Structures are given as structure tokens and as C-alpha cells.
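Quick notes on the structure that follows.
The structure presented is a predicted model; accordingly, all values stated were derived computationally and were not measured. Each chain gets a letter, A, B and so on, in the order its sequence line appears, and its residues count up from 1.
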Amino acid sequence: MITVLYFARFREKLGRDQESLPLPSASPVTVQVLLDELVARGGAWSDVFGCERGVLVAVNQRMAQRDSLLCEGDEIAFFPPVTGG
Amino acid sequence: MITVLYFARFREKLGRDQESLPLPSASPVTVQVLLDELVARGGAWSDVFGCERGVLVAVNQRMAQRDSLLCEGDEIAFFPPVTGG
Amino acid sequence: MAAEVAALEGEGVGAVVTFTGLVRNQSAFGPVEAVELEHYPGMTEATLQAQVEEAGHRWSLLGVTVLHRIGRLPAGAPIVLVAVASAHREAAFQAASFLMDYLKTRAPFWKKEWVNGVAYWVEAKASDAAAADRWQR
Amino acid sequence: MAAEVAALEGEGVGAVVTFTGLVRNQSAFGPVEAVELEHYPGMTEATLQAQVEEAGHRWSLLGVTVLHRIGRLPAGAPIVLVAVASAHREAAFQAASFLMDYLKTRAPFWKKEWVNGVAYWVEAKASDAAAADRWQR
């Protein structure tokens, strides 16, 4: 299983802040594979993740890319560009 | 008359912090004319003002140059490069 | 803030630069009552720590403090404090500016502005991305 | 210092940058016990005032404070404080850095360092002149 987190406007639009999912079965398992699964849910999921621009991802609390590999037990977070400070 | 002020290491080397002097009689009366008079005193005066490098001048509390003109009643200050802050 | 600066004083310190970011009382949508800061616990601390270490590699520093608040903050309240101590001023100014540019573009905080009872997510600014790009090497 | 920063908070302020210059406890001559600051009364105030006005012409600022101490100050003591408030951080960082570079090279202060009971006049640094030259235009 993997843990997927959603922050800020993504969290609001999706109506949840986290969920546990099985590690996707594709090979190799990348962030993009997970994103494709989320988009396939349709509705708000497609709205949020269908457009690549403005979707940042962290794997195990470090910034990652679309082609970053995922492993069993990983924590993956999706969020919009940061606006602190 | 004019007022001439000396600061920092100049003040210490010359043993005075200010004096009143008649406005030099040359024409035009510039800072350089006053400097020449001071150098002519010899000794520490020649040491301090004989070398142009490292001698700053202000006229009426504004930075000035060797060719700045002097008038009756002016306050002229000589000092080394500043080192505050 | 005086306490954070005092904590940075010490052997060889000649310069302390602080940056304080405050909740502005104006936005594109109107007068701002408050902001609400959300963050990613765990990643926030790791990111800020890594940024402080990066600053320490780039400049000769004698102390660094970074504080960031979360939750609801009224207009005028401080959001973030960066304080940097060094022997000379150039390193302190540069490092403080670097830390803010990186924090603004890489630390996982998100801000909502409350205007007339409605909350608007703040959009990331292109000028912040450009400011952070200055430090690439 | 907290008081000076608090005084700068207000309408539209989003960023406050402070610079504090402290008496370093080390010099080329050995451990520094204290420094002694001499200045040119009257010209000092006029120069700092003119520099603050110049900064206000160059950047959009919402408040500026410059404080400089004189007389004998022990190692570790603050000598100078520059605090700048603005809507955004870039102006505040730039203006604070500008004010310090100009103060260091144009405000009539002179500093002596006391080392092992002997006072040495501090020499002006070429790096300060170069820093101030950056702002010429």
C-alpha cells in the first residue's frame, strides 16, 4: 500500500486530505502511473490532475517528478505551487 | 573668518579639533588654497595634508572637492575616510 | 524577535540581518482580514532545514534562524522570520534574501486570504519563481 | 530593536528587513575590548537623512529607521541599526543593503578599536567602497 496526501486547494476540491491505495501494478511504477489512475476517477479528480501544469508532487517528503519511481510504503503528496512566507 | 574642523586621526595628529582662520586672500578661494596654507605650517600639518590621498573635505557639512569655493563664514571640515557602521 | 536576534550574537558576529514577513492588509480582492496558512508537517521542517544547510554551504554564517507560523493570522501579524548572523554584512544580506526566495518557492506552505468573509487561495507569483532562479548554479 | 520594527508596521506593509551591525570581538591586531565611535555632529544627521531620502526615491518604501551609536561600545554591542518596511521583500532587502553601503562610505563616523589597552584607528576598506559603487547610476 501507499499513502497519498492532498493539500490546499486540491484537498478542498477533492474533499479529502489523504487515502491509502495499493501500489499500482504497472512496471515501472512512476508518479505518472499514479496520476493516470487518479485522473481516471473522473469529476474533480480529472479537473485537478488532468492538467499537468500547477501540480507538484513530493515522494517521502522530497520534491519529485512525473518519472520518479514509487515503492511499497511510500508517502506521495500532491499540491499546488507553494505560497508561504 | 572661516571655521576649520579636524576629525579622528587628523584631530589627534594635529592636537586640535577646530580653529578660526581668516578667509584666504587668493582668488578664487578654493579648498586647495586653504590646504596649501595648512601644509605650509610644516610638521604634523605637512604630514597630514601633504599627501592628497585619504584627505576628505566637507564645506558647510556637505562633501566637497579640492576646487570647491569658500566664502566668508563657511565651516570647512577635514577628515580621513569614514569607518562607521 | 529581539530574542531570536540576541540568540545569534556571539563570537565573531559583526552583522545580523532579519527579514520579517507580515500579513498585508490589502489584496487584489479587497481588504484582507486574515490569512490562513496550511503546511505539510514533516516536509516543512525537512525543507527549511535543508535550505538553512544550503545557505551555510554558500556563505560563511555564524547563525541562522527560520520561523514560520501556521493557522489563522490577522492582518499585520508576522508570518515568517529569517535571521542570519555573520562576520560581515554581505553574507548576511545575501543569505537572508536567498532563504526567503527559496522558502517562498520550495517550502510546502499554502496561504488563503480572507476578504469580506470569503477565503481565496493565494496564487503563486512568477516574480517569486524568478527571484529563486537567481540563485541557481 | 523590536520597538523600531514595530514602529514600521502599518498600512500595506508586508516586509521588514533589519540590519544590525555589532562590535566584532576580533581584529587584525587581536581581541577587541571595545570600539570608540567619533562623528561629525550636524553633518551626520544631514547625511543619514539624505541617504534615507535617496532610498525613498529608488524604492517604494513604507518606513525607514536608521540609528547609529557613538562613544565607547564594548565587544558584542550593537553599533548601527537600519530597518526598512515595504510592501514586498525585494525593495526592503535592496534598500537596507543600499543604506548600509552608503552609511559605511559616506556618513562621517570614525572608529577606533581597543586591543590590549591600545587604540587603533580602523582603516577604511576597499570592499566597502566597491559595495557602495554598485549603487552608482
* Heavy-atom distances under 4.5 Å only: say whether C:R69 touches chain A with side chain, backbone, both or neither. =>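 Contact with chain A is absent: no heavy atom of C:R69 under 4.5 Å.
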
* Which pair of non-hydrogen atoms, one from A:F7 and one from C:H39, has the smallest distance, and what is that distance? -> CE2-O, 3.4 Å

* Looking at C:E123 and A:R9, does any basic side-chain N land under 4.0 Å from a carboxylate oxygen? -> yes

* Is a donor on one side and an acceptor on the other found under 3.5 Å between the side chain of C:H68 and the backbone of A:G85? ->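 Indeed, once roles are kept as given, a pair shorter than 3.5 Å links the two residues.
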
* Asked: Are the side chain of A:T83 and the backbone of C:A124 linked by a donor-acceptor contact shorter than 3.5 Å?
  ->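 Such a contact is absent between A:T83 side chain and C:A124 backbone.
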
* Check each atom of A:A8 against the heavy atoms of chain C and say whether the ones under 4.5 Å are side chain, backbone, both or neither. =>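 Both backbone and side chain.
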
* Minimum side-chain heavy-atom gap A:E12-C:K112 below 4.5 Å ->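 They are in contact (side-chain heavy atoms under 4.5 Å apart), so the answer is yes.
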
* To do: Please examine the side chains of A:V82 and C:W110, heavy atoms only from C-beta on, and report whether any two atoms are closer than 4.5 Å.
  =>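 With C-beta onward as the side chain, the pair touches.
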
* To do: First locate atom CE of C:M43, then atom CG of A:L5, and finally report the distance between them rounded to the nearest 0.5 Å.
  => 11.0 Å

* To do: Please say whether more than 12 non-hydrogen atoms of neighbouring residues, nucleotides or ligands are located less than 6.0 Å from CD in C:E45.
  =>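 More than 12 within 6.0 Å, yes.
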
* Give a yes or no on this: more than 12 heavy atoms of other residues, nucleotides or ligands lie within 6.0 Å of atom CZ of A:R62. =>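 Counting neighbours around CZ of A:R62, 12 or fewer heavy atoms of other residues, nucleotides or ligands fall under 6.0 Å, so no.
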
* Structure fact -> chain C shares the most heavy-atom pairs under 4.5 Å, among A:G54, A:P81, A:P80, with A:P80

* Asked: Under 30°, 30 to 60°, or over 60°: which ring-plane class applies to A:F79 and C:Y40, parallel, tilted or perpendicular?
  -> perpendicular

